[in-house]
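Only one structure is covered here, and it is reproduced in the block below.
When reading the values below, keep in mind they use all heavy atoms of this one structure, side chains included, and skip hydrogens, waters and symmetry mates. Note that the structure is predicted; figures quoted are calculated from it, not measured.
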Amino acid sequence: MTEIAAHPDAPAVRSFWEGLGLPGLVDVHVHFLPPNIQRAVWAVFDAAGPKIGREWPIRYRESHEERVGILRDFGVRRFSTLPYAHKPGVATYLNDWSRQFAAGVPGVISSATFYPEPEAADYVAAQVSGGVEIFKIHLQVGEFHLDDPLLDPVWGVLSDAGTPVVVHAGSGPVGNDFTGPGSMRRLLSRFPRLSLVVAHMGAPECAEFLALAERYERVHLDTTMVFTEFFGQSYPADLVPRLKDLQPKILLGSDFPTIPYPYVEQLTGLAGLDLGDDWLRAVCWGNGMRLLG
């Protein structure tokens, strides 16, 4: 029997995955950050700052504990915390906080971050040895290229380990000199075995990032915010057929809690692609479980 969902947005979410015969959802793009960092991030969104570029009302602004409860109500069985370092010297702080948070919350995908700095190779190797399951980096916010020489030893560690890295590399919502597919293309030419997850499907450069997923065995794409009315991107005519062919490499992502619409809109946007129930089951559950366990 289905448990009673407490959050008002939950019945629609649960109806979606129950209708597919799934045990729940795996969401690879969820953020939980230290309270001081979380407040600073939300202030940027509230101000529609230069890296946001538009009004962006945050729907799920509850406490950490309440947001874990909301995800439980939704039936999200596994979810990340995805810290991302915006400057040198903060990654270790974020990683320590994320590790402590994950220790107390069953179902969390243990998450960490890194930044181009001399210490990065050592602390990334330590995180991998300690069981971190996924990393997150954000080129638009951190303002660096993936092939920054300081990251060469990091990519060596991660290529050997196979630990996936969620990379915000696309130029949405506001591009800068560090966004776009260029540095990922250069990186993969040197480290073709990297396990990368392209956040937001690389929007608005979806076609270029899909080409990288088609070429490289371990490049994946997450669905975060794409195909929602708020995101409002124009997509190439051949995009949807390519997504069908890439079914094993597409992962559900939401950007919870920093989204301006009900969580279910991400799911209905994917259903609206008419790629079939098997595709949805793979994206919303099977692919994430296979990548992360």
Side-chain angles (χ1 to χ4, degrees), residues 27-31 33 51 80-87 91 94-95 98 109-117 120-121 124 127-128 132-159 161-226 246 249-255 258 287-288 291-292:
D27 189 337
V28 302
H29 199 130
V30 170
H31 294 287
L33 302 170
K51 291 187 177 180
S80 56
T81 62
L82 296 194
Y84 51 97
H86 62 291
K87 62 181 181 179
L94 289 167
N95 294 341
S98 292
I109 300 165
S110 180
S111 309
T113 188
F114 54 88
Y115 194 88
E117 51 192 343
V124 166
Q127 292 292 328
V128 170
V132 159
E133 298 169 275
I134 199 165
F135 287 85
K136 167 67 185 289
I137 55 177
H138 200 310
L139 305 189
Q140 185 227 34
V141 172
E143 298 188 342
F144 61 90
H145 290 119
L146 289 171
D147 56 346
D148 186 304
L150 286 170
L151 290 178
D152 281 356
V154 172
W155 297 126
V157 169
L158 292 174
S159 183
T163 308
V165 184
V166 177
V167 183
H168 184 133
S171 298
V174 179
N176 60 25
D177 291 343
F178 302 93
T179 58
S183 71
M184 185 175 290
R185 192 179 293 122
R186 296 191 302 268
L187 176 70
L188 287 166
S189 71
R190 297 174 56 222
F191 296 94
R193 294 288 296 162
L194 282 171
S195 180
L196 303 182
V197 179
V198 180
H200 305 277
M201 214 170 281
E205 298 100 342
C206 294
E208 292 91 334
F209 284 104
L210 259 67
L212 293 177
E214 290 164 340
R215 178 176 180 180
Y216 293 97
E217 178 184 359
R218 302 174 78 180
V219 174
H220 299 72
L221 307 127
D222 81 32
T223 67
T224 304
M225 298 192 76
V226 294
L246 284 169
K249 294 186 167 194
I250 311 299
L251 304 164
L252 174 65
S254 68
D255 232 348
T258 317
N287 295 344
L291 182 68
L292 297 162

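Here the side chains of T223 and I250 are in contact, with some heavy-atom distance below 4.5 Å. Under the 4.5 Å side-chain criterion, counting only non-hydrogen atoms from C-beta, L146 is in contact with W155. Looking at T81 and V30, their side chains never come closer than 4.5 Å, going by heavy atoms from C-beta outward. Using a 4.5 Å heavy-atom threshold, the side chains of L212 and R185 count as touching. The closest side-chain heavy-atom distance from L251 to L221 is not below 4.5 Å. You'll find the side chain of K136 reaches within 4.5 Å of the side chain of H168, heavy atoms only.
One distance of note links CD1 of I134 with OG of S98; it measures 12.0 Å at 0.5 Å rounding. Taking CG from L210 and NZ from K249, the interatomic distance works out to 10.0 Å, rounded to the nearest 0.5 Å. Going from atom CD of E117 over to atom CG of D148 covers 10.5 Å, rounded to the nearest 0.5 Å. One distance of note links CD1 of I109 with NE2 of H29; it measures 11.5 Å at 0.5 Å rounding. L139 CG to F178 CZ: the interatomic distance, rounded to the nearest 0.5 Å, is 9.5 Å.
With hydrogens and angles disregarded, a donor-acceptor distance shorter than 3.5 Å links the side chain of K51 to the backbone of Q140. In terms of modelled atom types and a separation under 3.5 Å, the side chain of T179 and the main chain of N176 share a donor-acceptor contact. Remark: side-chain polar atoms of H145 are not paired, donor with acceptor, to backbone N or O of P149 under 3.5 angstrom.
For N95, the side chain to side chain donor-acceptor pair (under 3.5 Å) criterion is met by no residue, not counting sequence neighbours. Under the salt bridge (Lys or Arg N to Asp or Glu O under 4.0 Å) criterion, E133 pairs with R78, not counting sequence neighbours.
With respect to D222, the side chain to side chain contact (heavy atoms under 4.5 Å, CB included) criterion is satisfied by exactly one of L252, N287, D255, V166: V166.
For S111 against V132, the heavy-atom pair with the smallest separation is C-CG1, 4.3 Å. Scanning both residues, T113 and A85, for their nearest heavy atoms gives OG1-N, 3.2 Å. Nearest heavy-atom pair, S80 versus L82, reported as atom, atom and distance to 0.1 Å: OG-CG, 3.3 Å. Contact between E205 and G180 at its shortest, heavy atoms only, is OE2-CA, 3.8 Å. Taking both residues in full, the closest heavy atoms of M225 and S254 are given as CG-O, 4.1 Å, listed atom of the first, atom of the second, then distance.
Ring to ring, Y115 and H86 are not that close: their centroids are 6.0 angstrom or more apart. Taking the six-membered ring for Trp, F135 and F114 have ring centres closer than 6.0 Å.
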Exercise answer: donor-acceptor pairs, residues 189-204 side-chain atoms, under 3.5 Å, sequence neighbours excluded:
unit_1	atom_1	unit_2	atom_2	d
S189	OG	R186	O	2.6
R190	NH1	D152	OD1	3.2
R190	NH2	D152	OD1	3.4
R190	NH2	D152	OD2	3.2
R193	NH1	E217	OE1	2.8
H200	ND1	T224	O	2.9

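Neither side chain, S183 nor D147, offers a donor N or O lying under 3.5 Å from an acceptor on the other.
Ring geometry, H138 versus Y84: the interplanar angle falls from 30° to 60°, so the pair is classed tilted.
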